[in-house]
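Notes follow once the structure below has been shown.
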Protein chains: 2
Amino acid sequence: MPATAIDRDVEQHLRTKEIRYTPGRRAVVTGLAAAVGPRSAAELHADINNLVPLSSLYRTLAVLEEAGVIVPHFGTKGLTRYELAEWITGHHHHLICISCGAVDDIDIPAPHESEVRRLVDEIGETANFTPVNHTLDIEGKCARCQ
Amino acid sequence: MPATAIDRDVEQHLRTKEIRYTPGRRAVVTGLAAAVGPRSAAELHADINNLVPLSSLYRTLAVLEEAGVIVPHFGTKGLTRYELAEWITGHHHHLICISCGAVDDIDIPAPHESEVRRLVDEIGETANFTPVNHTLDIEGKCARCQ
DNA sequence: TTCCTTGCAAACGATTTGCATTGGA
DNA sequence: TCCAATGCAAATCGTTTGCAAGGAA
């Protein structure tokens with residue numbers, strides 16, 4: 001029944017954790033896989049055509065987050081948006097246009113990425129803080145808004 | 001009446017915009033200036049000893065944000081925290097504890113900072129994007145939560 | 001049968017708003 | 001005087017939870 005590679009990977013991932021991959025959960029994952037950027041509960045609810053009531057959707061999001069399938073993103077006032085975890089989508093950063101508000105995912109070249117990681121580790125060490133993840137968001141003007 | 005340099009700068013800044021620097025607003029700015037990292041409305045409310053009721057506090061925060069004195073930070077689920085704008089505090093980054101939720105400001109050494117800026121500029125060039133600002137948030141475990 | 005999952009409705013916490021009052025310029 | 005700022009209470013919005021019903025193992 002898995003429709004896509006992502007779907008199959010998630011199914012496998014959940015099986016090893018003995019978490020059921022129910023139709024509602026599958027719908028959410030599929031919705032996120034189809035989305036361009038991070039989606040809020042309400043947006044997902046619409047995306048999957050009200051298939052799952054909001055309260056169940058929230059519970060589904062909590063389960064998937066706990067299972068490491070999705071990751072919350074706090075970029076907007078009073079709203080949590082979720083996206084598939086980086087082991088599915090790959091590590092990436094965000095370009096945020098201050099003019100039109102668009103958010104783009106961006107992959108940066110591996111050498112740059114490891115430079116960032118090295119910096120982050122160094123900073124953490126100095127501050128007695130154990131880094132688990134980092135977000136490098138770049139705000140500026142996108143190509144269309146120059 | 002301005003007590004600190006920050007207070008004086010903000011007073012001046014607001015005067016040019018013809019926005020009144022009332023006692024309530026001054027209290028919020030002073031509270032933020034005294035704080036270690038970004039503060040939520042509720043935290044500030046406590047910080048300034050309930051001097052300003054929450055509803056007015058929220059209005060004050062909106063005014064100060066609109067005026068460019070403070071800046072919102074979305075790092076934690078369901079909460080908006082504010083901090084003084086960078087023209088007041090200087091450029092800095094954030095350490096976000098995934099365990100207790102605390103957010104700390106961190107200055108990183110100038111060489112590191114210019115490395116980051118160089119990276120950001122290079123990334124922008126590649127993506128045909130003009131960087132104006134960047135945020136490097138590091139999520140992990142703080143000293144107390146190790 | 002025994003859990004886990006779901007749906008509904010009510011509860012919750014953060015934030016916003018309407019409205020009447022206060023207070024500076 | 002006049003408009004902005006304030007305080008209170010009620011409303012709103014996103015999210016969470018209690019509880020009873022449905023479904024898979």
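In the text below, chain A, chain B and the rest are named by the order of the sequence lines, each starting its count at 1.
The interatomic distance linking A/L54 (CG) with C/dA10 (P) rounds to 16 Å, in whole Å. For the pair B/Y21 OH and C/dG24 C1', the computed distance is 17 Å after rounding to whole Å. The distance from atom CD of B/E43 to atom P of C/dT15 is 10 Å, rounded to the nearest whole Å. The separation between B/F74 atom CZ and C/dT15 atom P is 10 Å, rounded to whole Å. Rounded to an integer number of Å, the gap from A/L61 CG to C/dT5 C1' is 15 Å. The distance between atom NZ of B/K77 and atom C1' of C/dG13, rounded to the nearest whole Å, is 14 Å. Nucleotide C/dA14 holds its P atom 14 Å from the OH atom of B/Y82, rounded to whole Å. In this structure, A/H45 places its NE2 atom 13 Å from C1' of C/dC8, rounding to the nearest Å.
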Exercise. Apply the test side chain to side chain contact (heavy atoms under 4.5 Å, CB included) to residues B/D9 and B/I88: give CA-CA distance (whole Å), side-chain angles for both, the deciding distance (0.1 Å), then the verdict.
Key: CA-CA 8 Å; B/D9 287 348; B/I88 300 175; 5.7 Å; no
Practice problem: Quick one: do A/H94 and A/D105 satisfy side-chain hydrogen bond (donor to acceptor under 3.5 Å, both in side chains)? Show the steps, please. | Solution: CA-CA 5 Å; A/H94 296 291; A/D105 289 353; 3.3 Å; yes
Practice problem: For each nucleotide in nucleotides 1-14 of chain D, reading 5' to 3', give B when a protein heavy atom comes within less than 4.0 Å of its base, S when such contact involves only the sugar-phosphate, and - otherwise. | Solution: ---SSBBBB----S
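Residues B/I96 and B/I98 fall into different hydrophobic clusters, defined by Ile, Leu, Val, Met, Phe, Trp and Tyr side chains chained together at heavy-atom separations under 4.5 Å.
Proximity of B/Y82 to B/L64: side-chain heavy atoms (C-beta onward) are nowhere separated by under 4.5 Å. Residues A/H93 and A/H134 form a side-chain contact, since some pair of their non-hydrogen atoms from C-beta on lies under 4.5 Å apart.
Within 6.0 Å of the CD atom in B/E86, the count of heavy atoms belonging to other residues, nucleotides or ligands exceeds 12.
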